[in-house]
Amino acid sequence: MVLGETSALRQIPRRETEEIPNPVRIAVLISNKGTGTNLQAIIDAKEQGRLPQIEIGLVISDAPDAKGLERAKKHRLAYDIARFGKLAHRDEDSQELGFSLNLQRIGVVVMAGWSRILTRPYFETFEGATVNVHPGMLPNPDGSPFLFPDGTEAPWNKGLMTEKAVANFLGGKYAGSTVHVATIDADSGPVLERTLVEVLPDDSVDSLYDRMKREEWAALVRTLEEPEKIFEAAKSGNDSDG
């Protein structure tokens with residue numbers, strides 16, 4: 001169950017216009033797996049006047065004890081808890097989430113530590129674009145691996161949880177993350193921003209990820225400064241999916 005009950009997949013009429021609203025209402029999806037720092041970066045940028053093009057319309061957590069909820073409450077943001085059922089109901093839950101976001105007139109969803117896998121019905125129902133931050137370097141548009149400045153192939157880290165993904169960079173010279181449009185295929189989709197940091201000889205997962213996160217925050221804010229580019233990338237991704 002997600003934000004209400006559902007017993008069958010809904011048939012949702014598609015939006016008839018592609019006109020981009022101003023400002024664009026965004027929803028930030030969080031969980032109790034992180035501390036809500038991506039959400040905080042967006043809040044800070046908004047309060048500093050850097051993001052007049054967006055409005056933080058909603059924060060949704062998949063757990064009631066997520067630390068990001070305290071950040072939402074502190075800044076008086078609307079929030080809700082998404083309650084998921086058993087694995088067998090994942091499609092219904094995914095679509096119900098998309099339906100709820102449409103009702104809230106959300107244009108862009110930012111997955112900020114969200115720990116639930118959203119299945120095809122979510123992407124077929126939600127009318128906006130979904131953005132994810134992944135601790136890995138997604139391939140180039142032509143499918144070739146992204147190369148670090150030293151010419152080495154950058155790990156994609158597809159399907160790896162954060163700790164394992166960051167650990168995969170240790171021993172190399174560089175690490176990085178990708179801000180991208182999320183698609184049905186996890187950790188894939190059109191690239192919006194990349195980040196890059198040097199790996200230090202004495203780095204641990206925690207110390208490396210601390211520096212990676214700071215670059216991720218900046219990249220995420222830059223991405224939200226130009227929501228039209230998000231919609232353009234999402235459209236190209238949908239076209240390529242057929």
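One-based numbering along the sequence shown.
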Of all heavy-atom pairs between [X] and [Y], which one has the smallest distance, and what is that distance?
| X | Y | result |
| --- | --- | --- |
| I184 | R120 | CD1-NH1, 3.4 Å |
| P190 | A233 | CG-O, 3.3 Å |
| V108 | F126 | N-CZ, 4.5 Å |
| F123 | A182 | CE2-O, 3.5 Å |
| T162 | P135 | CA-CG, 4.2 Å |
| T183 | S188 | OG1-O, 3.5 Å |

Checklist entry - What do you reckon, is NZ of K158 surrounded by more than 12 foreign heavy atoms closer than 6.0 Å? => result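 Atom NZ in K158 is packed in, count exceeds 12.
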Checklist entry - Does a sphere of radius 6.0 Å around CD in E47 hold more than 12 heavy atoms from other residues, nucleotides or ligands, not counting ones at 6.0 Å or beyond? => result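 Above 12, so yes.
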State whether the side chain of [X] and the backbone N or O of [Y] hold a donor-acceptor pair below 3.5 Å, judged by distance alone.
| X | Y | answer |
| --- | --- | --- |
| R71 | T35 | yes |
| N102 | E127 | yes |
| T125 | F99 | no |
| S31 | D62 | no |
| S61 | I81 | no |
| H134 | N157 | yes |
| R90 | R116 | no |

Would you say [Y] ends up clustered with [X] if hydrophobic residues are merged whenever their side chains have heavy atoms under 4.5 Å apart, either directly or through other cluster members?
| X | Y | answer |
| --- | --- | --- |
| V181 | L220 | yes |
| W217 | L77 | no |
| L39 | V221 | yes |
| V179 | V191 | no |
| M161 | V166 | no |

Next on the checklist: Evaluate T178 against E193 for side chain to side chain contact (heavy atoms under 4.5 Å, CB included), listing each step before the verdict.
Outcome noted: CA-CA 6 Å; T178 310; E193 279 265 0; over 6 Å; no
Hey, are the side chains of [X] and [Y] touching, using non-hydrogen atoms and a 4.5 Å cut-off?
| X | Y | value |
| --- | --- | --- |
| D187 | N132 | yes |
| L224 | I230 | yes |
| L97 | L29 | yes |
| F231 | V24 | yes |
| E225 | R50 | yes |
| I26 | I42 | yes |
| V28 | I43 | no |
| I60 | V109 | no |

Next on the checklist: Would Q40 and D44 count as a side-chain hydrogen bond (donor to acceptor under 3.5 Å, both in side chains) here? Give the steps.
Outcome noted: CA-CA 6 Å; Q40 190 65 53; D44 291 346; 2.8 Å; yes
Out of curiosity, [X] [atom1] to [Y] [atom2], how far, rounded to the nearest 0.5 Å?
| X | Y | atom1 | atom2 | result |
| --- | --- | --- | --- | --- |
| M137 | L196 | CE | CG | 6.0 Å |
| W156 | N168 | CH2 | CG | 13.5 Å |
| F148 | E198 | CZ | CD | 11.5 Å |
| L58 | S100 | CG | OG | 9.0 Å |
| E216 | T37 | CD | OG1 | 8.0 Å |
| W114 | N38 | CH2 | CG | 15.0 Å |

Next on the checklist: Evaluate E70 against K73 for salt bridge (charged side-chain N to carboxylate O under 4.0 Å, His left out), listing each step before the verdict.
Outcome noted: CA-CA 5 Å; E70 295 303 316; K73 294 173 186 177; 3.6 Å; yes
Checklist entry - Going through the checks in order, is the side chain to side chain contact (heavy atoms under 4.5 Å, CB included) test met by K173 and V199? => result CA-CA 5 Å; K173 291 185 178 180; V199 179; 5.9 Å; no
Next on the checklist: Quick test of your reading of the model: are D203 and R211 salt-bridged, counting only N-O distances below 4.0 Å?
Outcome noted: yes
Checklist entry - Does any donor atom in the side chain of D142 or S144 lie under 3.5 Å from an acceptor atom in the other side chain? => result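 A donor-acceptor contact under 3.5 Å links the two side chains.
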Checklist entry - Given E55, which of K46, R105, R25 fulfils the salt bridge (Lys or Arg N to Asp or Glu O under 4.0 Å) condition? => result R25
